[in-house]
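Read through the structure below, which is laid out as structure tokens, and then see the notes.
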2 protein chains.
Amino acid sequence: MSGGAPQGYDPYAFEPFAVTVDLAVFTVRGGRMHVLLIRRGQEPYEGSWALPGGFVLPRESAETAARRELAEETGLPEAVVAALHLEQLRTYSEPDRDPRMRVVSVAFTGLVPDLPEPAAGGGGDAAHARWVPVGEAAGLAFDHAVILADARERVGAKLEYTCLATAFCPPEFTLGELQAVYETVWDATVDRPNFRRKVLATPGFVEAVPGAARLTGGRGKPAALYRPGPATTLHPPLLRPSEGHPR
Amino acid sequence: MSGGAPQGYDPYAFEPFAVTVDLAVFTVRGGRMHVLLIRRGQEPYEGSWALPGGFVLPRESAETAARRELAEETGLPEAVVAALHLEQLRTYSEPDRDPRMRVVSVAFTGLVPDLPEPAAGGGGDAAHARWVPVGEAAGLAFDHAVILADARERVGAKLEYTCLATAFCPPEFTLGELQAVYETVWDATVDRPNFRRKVLATPGFVEAVPGAARLTGGRGKPAALYRPGPATTLHPPLLRPSEGHPR
DNA sequence: GTCCTTTATAGTCAAGTTGACTATTAAAGG
DNA sequence: CCTTTAATAGTCAACTTGACTATAAAGGAC
């Protein structure tokens with residue numbers, strides 16, 4: 001606890017640690033889940049892929065540092081970084097997770113819609129950033145593979161009982177696109193009519209775009225467009241198939 | 001990210017922070033939820049109640065520090081501390097949360113069964129520790145009121161979709177006791193027959209103690225005894241009433 | 001244009017789950 | 001013995017879910 005120094009100890013006799021943030025930012029592209037990675041330009045792990053992140057500055061909270069580092073390191077547009085759905089995952093504090101020194105890292109999970117050309121275009125360090133399919137993210141620096149796995153699991157679980165899936169979609173989307181998010185994140189197939197029924201029956205999950213707005217992604221009947229609704233949680237939840245809950 | 005220093009910056013030019021842990025340890029006593037607090041013996045907030053916790057030592061992870069601090073500060077028996085269900089809540093990193101210096105705190109949630117006389121008996125600092133009904137925990141030091149509120153909400157939510165409630169019960173318990181845990185944590189009433197049906201229908205949630213073991217808490221028909229089963233998650237979940245999910 | 005393919009959307013139906021109840025059983029206390 | 005208390009058994013309708021079938025509206029190939 002802050003200030004909760006052991007009684008009788010000098011509360012100022014603390015060990016100084018470096019505090020960093022790491023971000024697992026996901027998007028769904030072409031039916032596959034991607035994570036935003038940067039190529040490390042210095043030791044240790046020079047040349048390896050790593051999650052974006054960096055040191056928390058003296059007057060910043062971890063949340064503030066996370067957004068700043070993301071903007072600096074990946075060149076994502078300001079608007080995207082500001083609107084990004086960001087959430088604390090957990091803190092990684094194993095003593096030897098960084099070979100140089102004692103570093104405690106607060107990890108975050110971020111969700112963005114598929115971007116035209118995400119990690120490009122930005123200036124400076126952006127050139128080192130890339131969207132990588134999660135299945136191909138091997139050999140990550142530090143304990144970032146663990147963080148990535150934890151983040152994936154958390155996102156999958158959150159889709160079950162929150163309305164978070166819309167964070168992967170553009171401002172207006174079809175139910176087919178929303179279903180694709182679920183199927184991609186869960187790596188499972190979902191029955192389409194049942195999915196529609198569930199989503200539309202959950203008040204505030206999505207709301208229809210009023211104008212007879214429709215959009216065709218190519219072939220097939222045009223789909224109605226929806227926007228994220230005011231609801232944030234799903235009651236009752238939308239449980240993923242398999243995963244050991246025999247029904 | 002550990003090591004993910006902004007490209008081009010000196011990775012060693014980090015700001016040293018103090019890193020602490022804070023623990024919100026709960027138990028259920030007499031139909032009320034209690035949290036373990038300590039009375040601060042020094043400034044700041046001298047004399048105030050606070051969550052137990054303290055600095056993470058150079059070679060410790062936050063989890064290790066949490067258990068050590070709990071044992072040191074509260075005098076809970078070693079066996080209890082070792083068996084305690086402990087889980088990261090989140091990390092609090094607002095720059096001014098500690099008036100003395102920059103302190104980043106990793107908060108944990110702990111669950112223990114009702115103990116004969118919890119915070120007493122231990123040596124040293126244990127005298128400063130006490131179980132306090134959560135409703136009466138006012139004027140906590142630092143941002144501990146926020147941490148406590150977050151922890152309560154998390155525990156309530158976890159009861160819905162995990163088998164965690166048994167962590168509040170002794171090794172063998174009746175379904176009535178288990179139901180009381182739910183009712184106390186949720187501050188809601190639960191229909192008894194429906195609760196039994198749900199718990200018994202969830203494979204691995206609880207298992208009957210084989211010997212015709214029965215126990216009477218006093219009046220009434222003796223209840224069968226159960227032990228925690230191997231399951232950890234509840235599929236489908238056991239949703240709390242109210243809370244805006246009209247059924 | 002006329003098929004054929006593709007995707008969206010509308011239903012149906014049985015099985016499973018839940019919420020609200022009503023018994024019945026087995027103890028303790030007077 | 002009768003009342004109180006709590007555990008356990010069972011009922012029933014409403015709701016939800018999983019598995020399907022059917023229809024509608026577009027584009028593409030000929």
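Worth saying up front: this structure is predicted, and the values here are computed from it rather than measured. Just so we're on the same page: letters track the sequence lines, and every chain starts at 1.
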(message) My understanding is that only residues two or more places apart in sequence, or in another chain, count here; which of them pass side chain to side chain donor-acceptor pair (under 3.5 Å) with Arg32(B)?
(response) Glu136(B)
(message) Below the 4.0 Å mark, does dA9(D) have OP1 or OP2 next to a side-chain nitrogen or oxygen of Arg196(B)?
(response) yes
Atom pairs under 3.5 Å: protein N/O with N/O of nucleotides 20-23 of chain C:
from: dA20(C); atom 1: N7; to: Asn194(B); atom 2: ND2; distance (Å): 2.9
from: dA20(C); atom 1: N6; to: Asn194(B); atom 2: OD1; distance (Å): 3.1

(request) Nearest whole angstrom, please: distance from the P of dG18(D) to the NE2 of His235(B). (result) 12 Å
(request) Return the value, rounded to whole Å, for the distance between atom CG of Leu225(B) and atom C1' of dA27(C). (result) 15 Å
(request) Starting at atom NZ of Lys221(B), determine the distance to atom C1' of dA7(D), rounded to an integer number of angstrom. (result) 5 Å
(request) In whole angstrom, give the distance that lies between atom OH of Tyr226(A) and atom P of dA8(C). (result) 11 Å
(message) Holding to salt bridge (charged side-chain N to carboxylate O under 4.0 Å, His left out), I want the full list of residues that pass it with Glu63(B), two or more places apart in sequence or in another chain.
(response) Arg90(A)
(message) Rounding to an integer number of Å, can you tell me how far Glu160(A) CD sits from dT17(D) P?
(response) 12 Å
(message) Among residues at least two apart in sequence or on other chains, which ones pass salt bridge (charged side-chain N to carboxylate O under 4.0 Å, His left out) with Glu94(A)?
(response) none
(request) Could you tell me the separation between the CD atom of Gln179(B) and the P atom of dA7(D), rounded to a whole number of Å? (result) 8 Å
(request) Let me know the distance between CG of Leu200(A) and P of dT16(D), rounded to the nearest Å. (result) 14 Å
(message) Aromatic contact between Tyr226(B) and Phe173(B), with the criterion being ring centroids under 6.0 Å apart: yes or no?
(response) no
(request) Establish, with yes or no, whether the OP1 or OP2 oxygen of dT18(C) is under 4.0 angstrom from a side-chain nitrogen or oxygen of Lys198(B). (result) yes
(message) Suppose we call two aromatic rings close when their centres sit under 6.0 Å apart. Are Tyr182(B) and Phe195(B) close by that rule?
(response) yes
(message) Looking only at the side chain of Pro222(A) (C-beta and beyond, no hydrogens), which of the listed nucleotides dA27(C), dA25(D), dA8(C) gets closest?
(response) dA25(D)
(request) Ignoring backbone atoms, establish whether Arg192(B) has a side-chain N or O less than 4.0 Å from OP1 or OP2 of dA7(D). (result) yes
(request) Using whole Å, report how far CG of Leu238(B) lies from P of dG16(C). (result) 20 Å
(request) Output all residues satisfying side chain to side chain donor-acceptor pair (under 3.5 Å) with Asp187(A), sequence neighbours left out; order by chain, then residue number. (result) none
(message) If the condition is salt bridge (charged side-chain N to carboxylate O under 4.0 Å, His left out), which residues does Glu183(B) pass it with, not counting sequence neighbours?
(response) none
